[in-house]
> 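I'd like to ask you about the structure that follows.
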Amino acid sequence: MHHLDLPRAQLQVYQGKGDKHRMTMLPASLVAPLQSHLERLRELHQTDRNAHLPGVWLPEGLAHKYERAGETWPWQWVFPSREVSRDPATGVTRRHHVTDSAFQRAIVKAAQSVRIDKRVTPHVLRHSFATHLLDSGTDIRTVQDLLGHESVETTQIYTHVMLKPGLGVRSPLDMLGSWRALIES
């Protein structure tokens, strides 16, 4: 939860692609649905607390520094698994996050439900995000920051699939209000 900043419509990504951390945008259209989702999760969290389940797994450094943080609301998963399960590494039974494969299946199912006839994966969504931002005229350096790329050259790979090559720049001819009149005269 602590990665979400709903009032600012921001999301902190930790250990994202390339094991990098970055801040990115959260669509304003998702803020209200996420608030409702989190309220439902708050009830699940309270149920887990009442059942005396251990909190969420935290990396060792955090688990030692903040011994009971995993039991607190801010550290809970945004997408928890439905069932508790035994952690094979520690033997502790707790609620984990939804698995990568379950998340990927949900993405595929959503794409099929809106009749997208192409292969859709979470990574494809990342590419689409970048391409649409560039298509809409977003500065390439801003897209670089949002994706967490170290180099603008990495971000530039998205320019080859844009609908409007040239980062959305309009042709001077298209900007002339009556170009036909000029040509015909």
> Distance from T142 atom OG1 to L134 atom CG, nearest 0.5 Å?
9.5 Å

> Answer yes or no: are there more than 12 heavy-atom neighbours, outside R49 itself, under 6.0 Å from its atom CZ?
yes

> For a side chain to side chain contact (heavy atoms under 4.5 Å, CB included) check, start with the C-alpha distance between Q104 and T121, then their side-chain angles and the critical distance, and finish with the verdict.
CA-CA 6 Å; Q104 290 167 350; T121 66; over 6 Å; no

> Side-chain contact test, heavy atoms from C-beta onward, threshold under 4.5 Å: evaluate it for R42 versus Q46 and give yes or no.
no

> Measure the spacing between CD of E67 and CG of L58 and express it to the nearest 0.5 Å.
11.5 Å

> I'd like to know if the side chain of Q10 and the backbone of L4 have a donor-acceptor N/O pair within less than 3.5 Å.
no

> For A9 and V31, which heavy atoms make the closest approach, and how far apart are they?
CB-CG2, 4.4 Å

> If I take atom NE2 from residue H132 and atom OG1 from residue T138, how far apart are they, to the nearest 0.5 angstrom?
12.0 Å

> Counting only heavy atoms not in R8 (residues, nucleotides, ligands), do more than 12 fall under 6.0 Å from its CZ?
no

> Can you tell me if E71 uses its side chain to pair, donor with acceptor, with the backbone of V56 under 3.5 Å?
no

> Is the backbone N or O of L146 less than 3.5 Å from a side-chain atom of R22, with the two atoms forming a donor-acceptor pair by type?
yes

> Report yes if the side chains of R94 and L53 come closer than 4.5 Å at any heavy-atom pair, otherwise no.
no

> If hydrophobic clusters are built by linking Ile, Leu, Val, Met, Phe, Trp and Tyr wherever their side-chain heavy atoms come under 4.5 Å apart, do V152 and I157 end up in the same one?
yes

> Linking I/L/V/M/F/W/Y whenever their side-chain heavy atoms sit closer than 4.5 Å, directly or via other members, would V114 and V108 fall into one cluster?
no

> Please find out if less than 6.0 Å separates the ring center of H21 from that of Y14.
yes

> Are any side-chain N or O atoms of H37 and backbone N or O atoms of V78, one a donor and one an acceptor, separated by less than 3.5 Å?
yes

> Any side-chain to backbone donor/acceptor pair from R95 onto S81? Under 3.5 Å, distance only.
yes

> Can you tell me how far apart NE2 (H45) and CG (N50) are? Round to the nearest 0.5 Å.
9.5 Å

> Can you give me the closest heavy-atom contact between W75 and A69, atom names plus distance?
CD1-O, 3.3 Å

> Are V92 and Y66 grouped together when hydrophobic residues (ILVMFWY) are joined by side-chain heavy atoms under 4.5 angstrom apart?
no

> Spell out, yes or no, whether L30 and L125 are grouped together once hydrophobic residues are joined by side-chain heavy atoms under 4.5 Å, including indirect joins.
no

> What is the distance from atom CG of L38 to atom CD of Q76, rounded to the nearest 0.5 Å?
11.0 Å

> Establish whether F129 and V124 are linked, either directly or via other cluster members, by ILVMFWY side-chain heavy-atom contacts under 4.5 Å.
no

> Assess the residue pair T154 and L147 against the criterion (side chain to side chain contact (heavy atoms under 4.5 Å, CB included)); give the C-alpha distance rounded to whole Å, side-chain angles, the decisive distance to 0.1 Å, and a yes or no.
CA-CA 10 Å; T154 305; L147 293 178; over 6 Å; no

> Within this structure, what is the NE2-CD1 distance for the pair H149 and I140, rounded to the nearest 0.5 Å?
10.0 Å

> Side-chain contact, heavy-atom cut-off 4.5 Å: L41 with W73?
yes

> Okay, side chain of S113, backbone of A110: is any donor-acceptor separation there less than 3.5 Å?
yes

